[in-house]
Number of protein chains: 2
Amino acid sequence: MQAIDEAGLANTTILRIANRANVSAGIISHYFGGKEGLLEATMRQVLGDLGQEVARRRAAAGGSPRAQLRAIIDGNFDRNQVSRAVMKTWLAFWASSMHRGNLQRLQQVNDRRLYSNLCFQFRRCLPRDEARDAARGLAALIDGLWLRGALASETLDAERARRLAYDYLDGRLARTECLA
Amino acid sequence: MQAIDEAGLANTTILRIANRANVSAGIISHYFGGKEGLLEATMRQVLGDLGQEVARRRAAAGGSPRAQLRAIIDGNFDRNQVSRAVMKTWLAFWASSMHRGNLQRLQQVNDRRLYSNLCFQFRRCLPRDEARDAARGLAALIDGLWLRGALASETLDAERARRLAYDYLDGRLARTECLA
DNA sequence: ATATCTTTATTGAACGTTCAATCAATAAAA
DNA sequence: TTTTATTGATTGAACGTTCAATAAAGATAT
């Protein structure tokens, strides 16, 4: 991820990674099954970290839909996740996952998990179709904030991103009376 | 863009492009100054098309903030823009623009234009800070819907994407009384 | 504890492939 | 005849992978 941050995935060679990790070039192919394998392993790591962070915050949060949804938002804008290196890596994954079956599967599992988690919570206070739209919208908003954060030259303002997502959430929940 | 759609930017060689265009490989470097130059020219084309489409719709729309904002949304989800090839190309640009000064500038000009257009219209009915948040949120939502559309295996449902953006718009405008 | 043998881990140079760019040769246009 | 446009084989560089050689660790015997 540091190498991707420095030079971009296209310019990240096995040798560069090996130098940064203080190992020989050969050992990477040996343990990860080539560059492709290393990429997949890295993606699994990042997705796993994100999932854990979300789960942790959800467990610590209250049981109300709003609290759970806020926990999901918070987890997605966690400090660890929002470093430049991770954001760039994520974007590189997004781009390359469209042309590699293994990465695409990982990507879609993650996407669907976010969507269905959101949808489940919204369903607790909204009718079905409205809950789906709310989940789709919030998922897109989260990804969009990430994307714009990665592209902007400044660091992503995680605080502001969370607030914008909260606002969206409140707007959606305010339409119907929600029990907290 | 067809080549990127087929194989991804990483696997798109000059030769592949040349074959698809029925020209020799050499002529591409000659006219575009190498692969890099062709990439930039393509990006300019895509960004230009988007800008024109938005401008066209804004001119045809009414003058009210809501009508103008809807025109901007419509332009961003225009049929031409939402083909698989264009979406993939766009995502590839996003990823590679982080490591190439020329592409990054193009990218940021476009980002800022979208943001400031949105902000200007929101300012006509919202206080400054609220308008900024609304613009940031809507911009992120639009990009996020694009992104998820590109990543999903199905084609982007432009109709639904527009509706979600409209909903966000209405939610923001409903907070204060707006004159139409 | 020491020495010897066996297994596992790691290195890094060499290989073969791929690709962008070049440019002399050719074709088309003026 | 001159100028412009295009071709496509060639070149040189870059990269991922491989693998024989080396080092380290572990096991066994003395």
Side-chain angles (χ1 to χ4, degrees), chain A residues 1-47 84-86 88-107, chain B residues 1-47 84-86 88-107:
Chain A
M1 286 193 284
Q2 285 175 6
I4 290 176
D5 183 35
E6 287 167 12
L9 179 57
N11 298 323
T12 295
T13 69
I14 290 240
L15 196 64
R16 193 191 293 262
I17 299 169
N19 286 339
R20 178 155 286 282
N22 286 321
V23 295
S24 78
I27 206 70
I28 292 179
S29 290
H30 182 250
Y31 277 105
F32 291 95
K35 195 180 181 180
E36 166 92 6
L38 179 58
L39 202 62
E40 180 174 337
T42 309
M43 191 168 191
R44 281 186 194 280
Q45 174 79 42
V46 171
L47 292 176
R84 283 210 73 68
V86 175
K88 282 194 187 181
T89 302
W90 204 292
L91 190 40
F93 281 147
W94 271 333
S96 59
S97 75
M98 288 189 306
H99 303 280
R100 303 207 202 170
N102 54 341
L103 296 187
Q104 190 165 33
R105 271 187 297 278
L106 284 178
Q107 178 59 48
Chain B
M1 288 195 282
Q2 285 176 5
I4 290 175
D5 183 36
E6 287 167 11
L9 179 58
N11 298 324
T12 295
T13 68
I14 290 238
L15 195 63
R16 194 191 291 263
I17 299 169
N19 286 339
R20 180 155 285 283
N22 286 319
V23 296
S24 79
I27 206 69
I28 292 179
S29 291
H30 182 251
Y31 276 105
F32 291 94
K35 196 181 181 181
E36 166 93 6
L38 178 59
L39 202 62
E40 181 176 336
T42 310
M43 191 168 191
R44 281 186 194 280
Q45 174 79 41
V46 172
L47 292 176
R84 284 211 71 67
V86 175
K88 283 193 185 181
T89 302
W90 205 290
L91 190 40
F93 281 146
W94 273 332
S96 59
S97 75
M98 289 190 304
H99 303 281
R100 304 207 201 168
N102 54 340
L103 296 187
Q104 192 164 32
R105 271 187 297 280
L106 284 178
Q107 178 59 48

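Lettering of chains follows the sequences in order, A, B, ..., and the numbering in each one begins at 1. This structure is a prediction, so every number in the text was calculated from the model and none was measured.
Near DNA chain C, defined here as any heavy-atom distance below 4.0 Å, the residues from residues 1-15 of chain B are B:Thr12, B:Thr13, B:Ile14, listed numerically. Using a 4.0 Å cut-off on heavy atoms, the residues of residues 16-29 of chain A that approach DNA chain D are A:Gly26, A:Ser29, listed by number. Proximity of residues 88-105 of chain B to DNA chain D (heavy atom under 4.0 angstrom from any strand atom) is not detected for any residue. For the segment residues 30-42 of chain A, the set of residues with a heavy atom within less than 4.0 Å of an atom of DNA chain D comprises A:Gly34, A:Lys35, in numerical order.
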Stepwise side-chain contact (heavy atoms from CB on, under 4.5 Å) test for B:Leu47 and B:Trp90: CA-CA 9 Å; B:Leu47 292 176; B:Trp90 205 290; 3.7 Å; yes
Test log, rule side-chain contact (heavy atoms from CB on, under 4.5 Å), inputs B:Asn102 and B:Glu36: CA-CA 10 Å; B:Asn102 54 340; B:Glu36 166 93 6; 3.1 Å; yes
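Remark: B:Ala41 pairs with B:Phe32 by the side-chain contact (heavy atoms from CB on, under 4.5 Å) rule, at least two apart or across chains. A:Ile27 pairs by the side-chain contact (heavy atoms from CB on, under 4.5 Å) definition with A:Val23, A:Ser24, A:His30, A:Tyr31, not counting sequence neighbours. Residues that satisfy the side-chain contact (heavy atoms from CB on, under 4.5 Å) test with A:Ala25, not counting sequence neighbours, are A:Ile14, A:Leu15, A:Ala18. Scored by the salt bridge (Lys or Arg N to Asp or Glu O under 4.0 Å) test, A:Arg44 finds A:Glu40 as partners (sequence neighbours excluded). A:Arg84 is linked by a salt bridge (Lys or Arg N to Asp or Glu O under 4.0 Å) to nothing, counting only residues two or more places apart in sequence or in another chain. Applying the salt bridge (Lys or Arg N to Asp or Glu O under 4.0 Å) test to B:Arg105 and every residue at least two apart in sequence or in another chain returns nothing. In this view, B:Lys88 and B:Asp5 satisfy the salt bridge (Lys or Arg N to Asp or Glu O under 4.0 Å) rule, not counting sequence neighbours.
Here the closest non-hydrogen pair linking B:His99 and A:Ile4 is CE1-O, 3.1 Å.
The shortest distance between side-chain heavy atoms of B:Phe93 and B:Leu106 does not fall below 4.5 Å. With a 4.5 Å cut-off on side-chain heavy atoms, A:Met1 and A:Val46 count as touching. Within the 4.5 Å cutoff, no side-chain heavy atoms of B:Lys35 are placed close to those of B:Ile28. Within the 4.5 Å cutoff, the side chain of A:Thr89 has no heavy atoms near those of the A:Leu9 side chain. When side chains are defined from C-beta on, A:Gln107 counts as touching A:Met43, because their heavy atoms get closer than 4.5 Å.
Chain A approaches DNA chain D over the interval D:dC15 to D:dT18, counting the first and last nucleotide 5' to 3' with an atom under 4.0 Å from its heavy atoms.
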